[in-house]
Amino acid sequence: MSLLAVTAVLWVASGGVAQAHPVLLRSTPDDGQTVQTSPRQLDLWFSEPPTEAGLEISLSDRDGKVIPLGATRIADRGIHLVVSGFPALPRSVYELRWSVVSKYDLHRLQGTVVFGVGLAATSTGAPARSVTGPAATVLDVVLGWFDLAATAVLCGWAFLSTALARRPDPALPEPAMATMLGLALAFGFLSLFTSLVRSGRQLSEARSSGSGLAILIDSGQLTRWTLRELSLLGVLVVLIRRVRGAPAGAASTSLLAAFLFADIVLRSASSHAQGGPASLVVLSLHQAAGLAWIGGIGVLAVLTSQLRERRGQALRLWKAFGPLAAGCVAVLTVTGLLLAGRQVATVDAALGTLYGGALLVKLAVVAAVMALGFRHARRLHPWLTRQPAREPRAPTARGQLVTALLGLGVLLFAMVLAVSPPARGPQFSKPLPATTRTTYQVDDLLITVALAPNVPGHSLLLVDAVSSRRPVPGPITGVTADLGTNTGIVLRRTQGAAVGDSRWQAAVDVDVTGDLPLRIVALRNHPGPAVVAGTWAVPSGLAPRAVVVSNAPLTPWTKIGAAVAALLSLAVAAALIHRRRRPATRPVRRVHPDLEVSET
């Protein structure tokens with residue numbers, strides 16, 4: 001309990017609330033970008049879908065004049081907002097104000113994107129903020145935690161029911177079964193209650209967002225809430241029938257598992273981490289594996305305390321839980337890596353955000369639970385310790401208690417992640433290089449290109465050309481350049497140290513930002529023109545975030561890690577299955593001088 005107490009103190013000390021959802025990932029034009037010509041449309045990409053019913057978009061120039069906008073539509077699985085149908089924008093700096101309502105938590109958020117058309121623009125640097133209040137309070141975290149813990153206990157009960165259905169003899173004593181069934185029923189009602197309270201709070205959020213019922217219908221939350229309550233009611237009906245003496249057959253257990261999995265899928269469908277069918281499957285498997293693992297540990301810990309006089313039965317149940325726990329850990333590892341790559345942009349994002357910090361602490365707690373689980377496995381399976389003669393033993397009471405409490409800590413941090421904004425967005429993007437000088441090698445020429453001050457507006461383009469051959473093959477007679485939309489730039493000679501060395505310059509008007517195509521042509525009679533083709537980066541007005549460790553994307557590495565973890569899990573599973581199917585051969589004993597018998 002000390003872990004949970006410390007966690008609660010840290011959560012309250014950090015402000016007690018999670019910031020707004022969703023996150024604006026990028027826009028076209030980018031915040032702080034300068035473009036030469038009027039864009040035909042404005043694009044905003046979010047980390048999760050906004051509701052169409054709650055969209056509010058406005059565009060104004062630097063003088064405050066409002067620009068009439070045309071059609072607004074949502075594309076690309078609901079995360080891409082497209083604004084079109086507005087008149088051509090004259091040379092000016094523009095401010096695009098957007099306000100959306102999240103489909104998942106129904107919070108209204110607003111933000112600003114500043115861009116220039118022919119004029120340098122500077123980002124305000126202000127992140128999106130919630131109009132209707134914080135995305136989650138301490139009460140929301142506690143309610144969600146209770147909901148997760150209750151579902152975990154129900155998943156643990158589903159495992160226990162399956163194990164007992166497969167091995168009905170010897171039957172568990174009636175007092176122990178009554179206690180476990182009453183515990184499952186109580187947590188079933190707790191899950192239904194917390195779900196209703198959380199839905200009511202989101203309903204209040206939708207009303208304060210200004211569109212009410214239209215937002216509820218458009219977001220799909222009304223449908224998801226209804227289906228989830230029906231799933232939980234189905235779980236309660238199955239449990240109540242068991243309390244009234246209905247037989248605990250395979251059909252009843254399968255129905256209970258189906259209702260629970262439907263509840264998990266519907267919960268995942270309302271999560272900020274899902275963004276399509278594939279991510280919904282990954283998130284559902286992740287939650288199902290985690291809840292079954294932690295719930296099974298908790299249920300078995302309570303049941304073991306009830307079976308003090310029947311340690312053999314408790315031992316068999318713990319050994320039956322082993323394969324399920326190992327499978328859950330494998331699924332958690334693979335799906336967790338995939339989800340982490342989707343939600344955390346870089347290493348710096350993991351180290352410098354609430355989401356990243358909660359994820360790292362959760363991983364540490366999960367590692368502790370896995371270490372205790374391996375310790376339990378060594379007690380249950382002596383061959384893991386290379387002591388096959390030792391009798392299997394159930395986990396100690398202290399080990400069971402500590403593991404269960406750490407499992408509650410995992411669920412708590414999982415809830416913190418569920419209500420925290422993902423560590424993504426333009427502030428974590430790899431910044432454009434701020435270099436103002438680049439050198440290229442073309443044939444015998446060393447060509448250095450410089451642009452000062454490398455910002456939108458009047459700039460000076462300098463080209464130095466130095467030949468590495470002596471004698472010089474031929475003098476440079478002229479230099480032309482193309483930079484972005486500025487083509488056919490003729491540079492004039494300013495200085496020459498030798499026949500083959502020269503400096504050329506020209507004034508250019510840089511009217512765009514970002515990666516611009518660059519082409520330099522150094523004209524010579526012999527051996528012919530030298531051509532440089534590359535890219536020149538003009539930083540936008542959005543100040544890049546300082547790099548602490550690394551701003552390289554995590555996604556490629558998490559996908560590789562998930563693939564490696566999946567292959568290792570399959571290899572270990574195959575080895576264990578092979579070992580289990582391999583017959584154990586006892587030592588050969590001699591029963592007759594001329595006959596040997598090997599028993600298997």
Side-chain angles (χ1 to χ4, degrees), residues 1-4 7 148-149 151-160 162-163 285-305 307 311 313-337 340 359-388 390-414 561-562 564-566 568-577 579-580:
M1 295 303 293
S2 59
L3 169 68
L4 305 183
T7 302
L148 279 179
T151 307
V153 172
L154 292 174
C155 290
W157 169 258
F159 154 74
L160 180 61
T162 303
L285 292 176
H286 186 75
Q287 290 198 19
L291 294 174
W293 180 37
I294 294 172
I297 292 173
V299 167
L300 287 179
V302 175
L303 183 60
T304 303
S305 67
L307 299 176
R311 296 182 178 179
Q313 288 181 298
L315 180 62
R316 282 192 293 272
L317 288 174
W318 276 101
K319 294 184 73 172
F321 179 65
L324 175 65
C328 288
V329 170
V331 172
L332 273 174
T333 303
V334 175
T335 56
L337 285 170
L359 178 61
L360 293 176
V361 176
K362 177 190 172 186
L363 291 177
V365 180
V366 169
V369 178
M370 292 174 62
L372 286 173
F374 184 70
R375 181 183 178 187
H376 297 340
R378 286 164 58 91
R379 293 176 63 89
L380 292 167
H381 305 283
W383 62 269
L384 289 173
T385 61
R386 298 183 179 181
Q387 297 178 1
R390 182 172 61 80
E391 290 295 326
R393 293 175 294 171
T396 63
R398 178 181 297 179
Q400 295 176 35
L401 177 62
V402 173
T403 305
L405 291 179
L406 288 175
L408 289 177
V410 172
L411 296 181
L412 177 59
F413 284 107
V564 171
L568 288 176
S569 300
L570 292 175
V572 172
L576 292 176
I577 292 174
R579 184 186 185 281
R580 189 171 184 177

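Numbers here simply count residues along the sequence, with the first being 1.
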Could you go through V366 and L332, starting from their C-alpha distance and side-chain angles, then the distance that decides it, and tell me whether this counts as side chain to side chain contact (heavy atoms under 4.5 Å, CB included)?
CA-CA 10 Å; V366 169; L332 273 174; 5.6 Å; no
Excluding sequence neighbours, so at least two apart, what forms side chain to side chain contact (heavy atoms under 4.5 Å, CB included) with [X]?
X	result
P323	none
A562	V334, L337, L338
L324	F159, F321, C328
V564	I560, L568

Less than 3.5 Å apart, which donor and acceptor atoms pair up between the side chains of residues 393-400 and the rest of the protein, not counting sequence neighbours?
from	atom 1	to	atom 2	distance (Å)
T396	OG1	G399	N	3.0
Q400	NE2	P395	O	2.7

Side chains of residues 290-304: which donor-acceptor partners sit under 3.5 Å, not counting sequence neighbours?
from	atom 1	to	atom 2	distance (Å)
T304	OG1	L300	O	2.6
T304	OG1	W318	NE1	2.8

Please report the shortest heavy-atom distance between [X] and [Y], naming the atom on each side.
X	Y	answer
T333	A565	CG2-CB, 3.9 Å
V369	G407	CG2-N, 4.2 Å
A163	L317	CB-CD2, 4.0 Å

Check step by step if side chain to side chain contact (heavy atoms under 4.5 Å, CB included) holds for H286 and V331.
CA-CA 7 Å; H286 186 75; V331 172; 6.0 Å; no
Are V410 and L406 close enough that some pair of their side-chain heavy atoms sits under 4.5 Å apart?
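Not touching, per the 4.5 Å side-chain cut-off.
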Tell me, please, which residues at least two apart from S569 pass side-chain hydrogen bond (donor to acceptor under 3.5 Å, both in side chains).
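Result, side-chain hydrogen bond (donor to acceptor under 3.5 Å, both in side chains) vs S569: none returned.
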Give every residue pair that meets the side chain to side chain donor-acceptor pair (under 3.5 Å) criterion with at least one member in residues 367-380, sequence neighbours excluded.
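Output for this query lists H376-T403.
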